[in-house]
Every structure is written in C-alpha cells, then in structure tokens.
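Atoms within each ligand, like the ligands themselves, are counted from 1 in listed order. Everything numeric in this text was worked out from a predicted model, so none of it was measured. The figures here come from the full heavy-atom set of this structure, side chains too, leaving out hydrogens, waters and symmetry mates.
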Amino acid sequence: MQEGTMELMWRTSHVSGGNAHYVEALYEQYLVDPSEVPDEWRNYFDQLPRPEGAPSHDVPLSPIRDQFYQLAQNRRGPAAGPADSGENKKQVKVLQLINAYRFRGHQRADIDPLGLRSPTPIPDLELSFHQLTDADMETSFQTGSLFLGKDQAPLKEIVEVLEQTYCRSIGCEFMHIVNTDEKRWLQQRFESVRSKPDYSVDVRKHILERLTAAEGLESYLASKYPGTKRFGLEGGETFIPMVDEIIQRTGNYGTKEVVIGMAHRGRLNLLVNLLGKSPSELIDEFDGKKVIQQGSGDVKYHQGFSSNVMTEGGEVHLALAFNPSHLEIVSPVVEGSVRARQDRRDDSEGAKVLPVVVHGDAAFAGQGVVMETFQMSQTRGYKTGGTVHIVINNQVGFTTSRPDDARSTEYCTDIAKMVQAPIFHVNGDDPEAVIHATQVAVDYRYQFNKDVVIDLVCYRKRGHNEADEPSGTQPLMYQKIKSHKSSRELYVASLVQQGMISEDEASAMVEKYREDLVAGNHVANALVKQPNTELFVDWTPYLGHEWTGDADTSIDMTRMQRLAAKMCEVPEGIEVQRQVAKIYEDRRKMAAGDLAVNWGFGETLAYATLLDEGHPIRLTGQDTGRGTFSHRHAVVHNQKDGSTYVPLEYIKEGQPNFTIRDSFLSEEAALAFEYGYSTTTPNALIIWEAQFGDFANGAQVVIDQFISSGETKWGRLCGLTMLLPHGYEGQGPEHSSARLERFLQLCAEHNMQVCMPTTPAQIFHLLRRQVIRPLRKPLVIMSPKSLLRHKEATSTLEDLANGRFEMVLPDQGKRDAESVKRVVLCSGKVYYDLASYRAENGNDDVAIVRLEQIYPFPKEELYEVFKTYPNLEQVVWCQEEPLNQGAWYQSQHHMRLVADMVKEGLGRDLKFAGRPASAAPASGYMSVHVEQQRQLVEDAITG
Ligand code: AMP
C-alpha cells in the first residue's frame, strides 16, 4: 500500500498542493503522539520509514515533506500485496474526497440568500474526480478523521455528511490554517453536528424575537421617516441575533467588556436593540433635535454608545466606538481601546475584553488598513487575544456595481487568510446557521486567542441608503430583492412548518415590539438599568476643563536626582554596547550635576518622574526603543545574548507599566491604535513617535478624523502625544518637515496643542504638563534632530527641578532692553542658527524670541515679552520652512495682533524670513540647503 499510496498521493493535487501541509501536519503530530491522529493515518504512517540524516536537496524542504518526497522518488516497481489492492486505493480516494470537501465545500455552499452566486464547477467534489462511482455508494469505508461518530460508514453516508456539513448554509474556510490542532478543532465543531445543531424551541424563539426586533425597528423608521437616510439593516437583520449571541456567549467566558467598531449600516439597529439606546432619543435625532450640548456633534449613524448588559456569566460593559465615514479606520481604534482595557485589567491573554469589528464587504476587500490591522493582531505591542470580525456582506459596494470591479480575490474576506484566520461564510437568511457560525467563532477566539471572521452574506434592501434608487445600477439583483421574503418571514414559515411556533405567536412578537417602541421603552432586553460603573474608567476628573498652559511640573531636586540615578542603572552582567554605555555614563554625570543636561536625559527623566508619580506610560513607534537618531536607548540590548533590559521598568517597586515597543511598519493603523488607547486611558502618557515627522502623513485620516476633531464631534477626550522629528538639516524633501502647516491648519477651538520645544528642560516640562494637568488634549510635538546633540541645546538640573514649560522663551542674552529695535520671532532649531549669527555679527539691537507653543497661540505670554522692548521698531518671523509651509500662513494673524498691541503698525509690517515658496518641503542638494539657510538667517537678523 505504501508505495502505491504515495504515488497516488503525489500525483493528486491534494497532497502536492495545499494538502501537503495537511498531511505533513498530521505526520508531525503522529511523530509526537501517534494516538492523536486518526486510525487510518496512523496505520499509514506506521508503514513509512523513519527519517534518517539530513535531507540533501537544493531546495530545503521540511524533513517531513522530504521524507514523502524521497518515498515517491524511491518507488521501485509496482508494490505487491494487499497495500495496492483496489479496495485500499479506493479507501485513499475516499479520504481525499473528505479532504476535498474541507478544502472546497464552501464553494458549493448555499450561502447567498438571493441565489445570485454563479455556480462554479468544483471537480474535486465529484466522485469521478477521485475515481469513485455511484456503484461505490453502498460500500463501507473507513471514515478517517471525519467526525461521524463511527469508524466506518457507507460512502453514501459519508458524502451526505460532507454535503450537509460543508455545502449547506455555512461555507467554512479553515484548511489554510497550518496548526493541526486548530483545524481538527474546527472540523470537529462543524462535522459533529453537520453544521446544523438541533437548537431547543426556546433558543429558536429567542432568535426569532431578536430577528423581530431587528426588522421591527427598520419598518417603524421606514414608515415614520420614509426616504430619510439611516443606513438600515434590511436584508441583513440576522446581524442582530448574531451580535446578541456574541455578547451573551462572551459573558459566559467571564468577559467583562466588549468593544464594538462598525460602519453605519445597521448601526442604529444595534444601538437600540442591543446596546439599549433609548428609542425616544433616536427619534429626537431623527427629528433633528440637538442632543449634544457642545461641539459640532455628528450624524446619528456615527454615534458611539456605552451601556451594561446582563449575561449568564454576569454583567458585561459594551462600548460602541464613535466612528467617522472613513470605513475600516475604526478597526485599529477599537483594537487600541481594547488593549488599553486589557492592560488596565492586567489581562495579558485577552480573556476579559473582547474586540468585535463589523465590516462592509467592499471596504474589507478594498482598504489597506484592514491588512495593517490584521498584521498587528499577534504582535507584542498590539495584540488583543483575537478579534471577532463580522462582514455585513451586501454583495455590492457603494462604489462599484459588480464584484469584479470591487476586488481581485474570490471572497471579500480573503485578506484574513494572511493571519490564518478561519472564515465562515454564512447565509443571512438562515438564522440558526448564523448562530452556529457565531458560536464556533466565539469559542475559537477564546480557545486559540486569534482572529476569526464571520462573513454574513445578505443584501441591502434599499440600496446604499434610503434615499437611493438601486435598481438603476443593479437591476437584476433588485428584481430579485423585490420579491424576496425577509429573513424573519422565512424563519417564521420554517418554525411554523416544524410546529415550533404558531403564526399568532409570531405576530404577537411583532406587535409587542412595536408597542414598546412607540411607548419609548427600552427594547434591548438584557440592558442593565443601574450599571456597575466599576466596569469602566471614570473620566469625570478630566471633564470640563478650560484650556490652560499652566501646570506645576516642578519637582523636588533630591527626588529628581534619585530618579535620575535610577533610570541609568543597568544591572551587572548586562554587557552594554560601547556607544550606548557612553550615553548612560553621560546621563549618570548629568544626574550628578557634572555635565549639562541633554535632550535624551530630559526626556527620559520626564518618564521616570511620571512613573514615580503613578502614571503609566506607553511609547510606541518606528524604532522607538532606540530613537531614530539614537538619542533615547531606553531599551538596552545585552551584547552577550541579545536579551533586553529597560531601566524605566525598574524605577520603583509597584510602579505603573512602562511599555516601550518598536511598532510594526505602519503609520495608519499604528497611530489609530494609539488614539484608541489614549481615549480609553486618561491617566497615562501615551506617545506615538514617527521615524521622521512626515511619515505621519500615512496616517492623515487618523489626524483629520479623530485626533483633531474627535472631541468636538463626539465629546471624546484624548491626551495622545505625537513625537514628529522635524527640522531642516539638509536631509532632503522627505526628511526635513513634519508638515507643521497641516497640523496648524486643523487647529481651532483649542482642539490640540502644537509645540516645538528647543531645550531639554522644555521637553521635560512639556511631557510632564501633558499628564499632570487634568486637561486632556492631543499634543503634537515637532521634535528635534540635531538639537539632540547640539552643544548649546542644554539645560541645568535647576531648570528641570524648578522650571515649567514656557510657551514663549524670551531672549536669553543679557542685552539692554532699551537698545532692542528688532525682535526675531521663531520656533525650533533655527533659533540656534540665529543666535550664533547674531553673536558673530554683534547685532545687539536684535532680540530673538522663541515661540515654543504655536497653538494654542500664547498671545498674552508673547505680549509680555514684546512689552519689555520699549523701542521696538520691527518684528520678523523667521522659519526654516518655505513661505507656503511652516507656521507663517496659519499663525501670522496672531503674531500681527500681538505686535500691534505693543505698537500700532508693528503687526502690519511683520516681516517674513524663510525659504521661498516651494512645492517640495526642502531641497535635495546640501549646497542649496546651506545657502538657503544662510540667507534666511541673514534676512532675519539684518535684512
Ligand atoms: P466606555 O468604556 O468607552 O464605554 O466609556 C464609559 C464612559 O466613560 C462613557 O460613557 C463616557 O461617559 C466616558 N468616556 C469614555 N471615554 C471617554 C473619553 N475619551 N472622553 C470623555 N469621556 C469618556
């Protein structure tokens, strides 16, 4: 049998293709524990020779595959005896047929409620493909690993089980998973019940009740507000029983919080029927009443919500994330929020908080951030123990009419295979199949802590929204939809036919729901009216604070020096690399007051002091452990064994978490994650760092849609800090500018802070201010590059201990205020170029004033400085950026105003010194850069 079998196996697509992995995995398992594999395979593997020595192939193959390969190669002549008998050959074919169903059964499954999926011939599922015929149907074969409850069964029964399991309302895709345990687990879950558990009458009635609620809300709104946009769920109503099941089942696992992200379709339905938003509040919103007291507000189908619901396992807190129109971007925000909650609960396995992300089919297939979010799902800094993904698959995107315009993959969910997530395509018109797929998905997530996808195949009854006429672009689909009964109607008919419920009972459910809705009663059955507030963070200490730049960030010198010494401690036995050792040695000298304080010291000490004061810190970004310019080295790499040591984790016993992680190479998902994290963790310092500042433009949607506008749209505070290296050092167009102008353009209503600190003491106090003040506002820091090592950019220990963040730094020189005729106002590192030019040229009538905070513009502080120069004749704004960039166009009105307050006309004559307007941020030629820099400095001081 062995050689004949191998020949057969190697000639068939299953073993030489994707199935080879399966057989290999089985064999691997057999080598570990023979009893773990099905009898059929064990018998077969028993006959194989054991691997001996290393394989000798040009292309390295796994030892197991190599063994199979060698076996096939070494085959000499036809094998004799029973192994090659016709019966045994057929037995192998039957096993291949079983596998074929596991691989490709989903392609034949009845997953499309409209029946529009064009039937694709699947040769692997035909008996003839496996050289089996109808004549074999009555013959008994071993069932192998098929979960049939018996070792042998007639082929007819085997095929029936396979058809029922893999080709009815659920199309399972899981054979792309390499891990054998996971595959076996999934096979068992589906095959043992043939993908159709026999639910009790009570369960079925509950499903119907939830389905009735889903349909009831839509029909109520449709009759009351015809043609008003609400992105209804009609066609996908089983989504509601599905999410209900997720929440309830999750509760049984002891989960305390579920965070949900979703786009607009079905959102109102979820809000009212599951999260417990009051129907009367929703009606008010439909009537256009203003329900948010402050800010711009947002449309109703973007609103988030929080509530607690009761499950058999206890009370569960639900949070639906606010989201913008930009589909999919909410996914990494949800992951960040979940990770924050898990970190708060010390829940490293993800057992206590579950992320559920709902997608649309077109966006799931089309948007890159989906890939980024999957990519982060198992990484140290971002994992959340697995996400349950739901695709509300309308089978048509808003931007295209045909699937072949919308994607190149077979399914809209194929991207999920990159992390080997199992995918269950399920017919939205079969609520019990939906519930089964959901239960398996939730159980899988808790069993394996990985992502899982449920593709709810449905349709959208009214087109993209209620104001749309979809038959203009999808005539055939909408002809079908017009005469198609709703999921609820179909389910009622099926239950009535099975004698489980009467028509009257079903109608009574409809009536009851409508009555509750009209009466304005809550219709989310599980809602807890007096929620346990300990399940979520108390934000009240952070609410209602007006903007202020003031905060006492000073610190007792003795304590500061103790912390400074602590943050430089590296235990014996860790061999520190030479340059890193020098950085730490210098820091020790700085701590002792023997060396002026540099940037890395000031920044690191800010972290140490905040940790000491009980604030957790999370710092992630591109090459962040080291810092793009090697100034940080917060993670020490042992040169002996590559292990790492983070001194800031050992500031004191019982300190809060200090998390520092190099991010994966993403900006969009990585920044969105930190937004989600910081909108969930008010007491921590959360920092995202870009390798170079302009890389943040890969995350522009996060900056526009969340960071700058989240508070005014949704009342959600966010204390996220962004470190964006910025400065003209001659490194070319891509590495010079963090696009300050774009941040400033987004600034209004004190929505965020944009700062460009120029000394170690300033970054120390700025970082401390961000956490010590109860005010929570995003902070954008144009962080320096050459200043990290600039010999003038130093501070003293006293500056750190006794100072505070100065929004405006007055001139540092000891010049006579009366002699000053010109003030050069600037931000960032150009200050040092200006100061050096002035010193060389002796321009004593020029004062150089630094604007360290550009927004909110510190008018009063600047006025106080200007006022000290009684003979001021001219104010010059100097920037390194070209005329059309930097702060000039966004901030000059503030500067003019302050200058005019000092002396009439000073503001009007405000002068610009900087690079000429330019399409690119900087020149790629060092010589041009140097000449431009010389010129702008000269213009500012003497021009
Ligand atoms: P959640 O855990 O996200 O459901 O939030 C629970 C409650 O905390 C919400 O209902 C809000 O009242 C409040 N809250 C949560 N996040 C924020 C935030 N970023 N800013 C202000 N309040 C918040």
Please enumerate all residues that pass salt bridge (charged side-chain N to carboxylate O under 4.0 Å, His left out) together with E215, with sequence neighbours excluded. R488
Please name all residues satisfying salt bridge (charged side-chain N to carboxylate O under 4.0 Å, His left out) with D347, sequence neighbours left out, ordered by chain then number. none
Does T604 have any side chain to side chain contact (heavy atoms under 4.5 Å, CB included) partners at least two apart in sequence or in another chain, and if so, which? M567, R587, L648
Would you check if the distance from the ring center of H389 to the ring center of F374 is below 6.0 Å? yes
At what distance, to the nearest 0.5 angstrom, does CG of L211 lie from CG of D244? 11.5 Å
Distance-only, no hydrogens or angles: does the E372 side chain make a donor-acceptor pair with backbone N or O of A669 under 3.5 Å? yes
Every residue of the protein that comes under 4.0 Å of ligand 1, judged on heavy atoms: S306, H317, A319, R341, F536, V537, W539, L543, T679, G715, R716, L717
